[in-house]
Amino acid sequence: MERILLSIGLSILVLTVLLYLNNSAKKKIPINDSGWYELRVSRLFQFLGIIICMMGVSFLSILIDENDKQVLIAILILSLGFIYLGFMCWLLY
């Protein structure tokens, strides 16, 4: 029962985010003084980038207790990947 409620909750969350982004995409983009369109991404990307970077840093905390070299390398690559992707997402904003 808990899994069903979690699935429903996540589905509703994803649906609301997609609806928010879709409504933001329908706005008419004004032309600036020099005749160019100024495109901006949603503030949601900044929030997502910060969350993903925090996930990468939390994976680094697992390295403290691990002694196996292969696991250390795998967790390091995973955490650096999350930090890189979060930073790139954050830079979009």
Side-chain angles (χ1 to χ4, degrees):
M1 183 66 178
E2 293 173 5
R3 285 231 187 253
I4 293 172
L5 292 176
L6 179 67
S7 298
I8 291 171
L10 288 176
S11 299
I12 291 171
L13 178 69
V14 168
L15 179 66
T16 54
V17 168
L18 287 175
L19 288 175
Y20 172 74
L21 291 174
N22 193 23
N23 286 338
S24 298
K26 289 181 182 178
K27 293 180 183 175
K28 183 164 174 58
I29 302 169
I31 300 175
N32 62 9
D33 295 337
S34 60
W36 290 86
Y37 289 101
E38 187 173 326
L39 301 176
R40 296 202 42 104
V41 295
S42 175
R43 189 166 179 87
L44 185 66
F45 282 98
Q46 181 184 20
F47 178 71
L48 258 164
I50 292 170
I51 295 296
I52 293 171
C53 282
M54 287 174 29
M55 286 173 59
V57 170
S58 69
F59 286 137
L60 282 175
S61 67
I62 299 172
L63 289 174
I64 295 170
D65 294 334
E66 202 57 49
N67 292 329
D68 189 16
K69 188 175 182 179
Q70 294 172 343
V71 175
L72 283 172
I73 293 172
I75 292 174
L76 187 63
I77 290 172
L78 178 75
S79 62
L80 289 177
F82 267 90
I83 291 171
Y84 173 76
L85 291 175
F87 191 67
M88 290 296 124
C89 193
W90 193 9
L91 283 180
L92 275 176
Y93 181 75

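- The CE atom of M88 sits 14.5 Å away from atom CZ of F45, with the distance rounded to the nearest 0.5 Å.
- To the nearest 0.5 Å, atoms CD1 (I51) and SG (C89) are separated by 11.0 Å.
- Think of I12 as one node in a network of Ile, Leu, Val, Met, Phe, Trp and Tyr side chains linked at under 4.5 Å; its network also takes in I4, I8.
- For I50, the side-chain contact (heavy atoms from CB on, under 4.5 Å) partners at least two apart in sequence or on another chain are Q46, M54, W90.
- In this structure, the side-chain contact (heavy atoms from CB on, under 4.5 Å) partners of L78, at least two apart in sequence or on a different chain, are F59, F82.
- Remark: N32 pairs with S34, W36, E38 by the side-chain contact (heavy atoms from CB on, under 4.5 Å) rule, at least two apart or across chains.
- I73 pairs by the side-chain contact (heavy atoms from CB on, under 4.5 Å) definition with K69, I77, not counting sequence neighbours.
- For the pair C53 and G86, the tightest heavy-atom approach, listed with the atom from each and the gap, is SG-C, 3.5 Å.
- Between the CG atom of L85 and the CG atom of L48 there is a distance of 11.5 Å, given to the nearest 0.5 Å.
- For the pair L80 and L60, the minimum side-chain heavy-atom distance is 4.5 Å or more.
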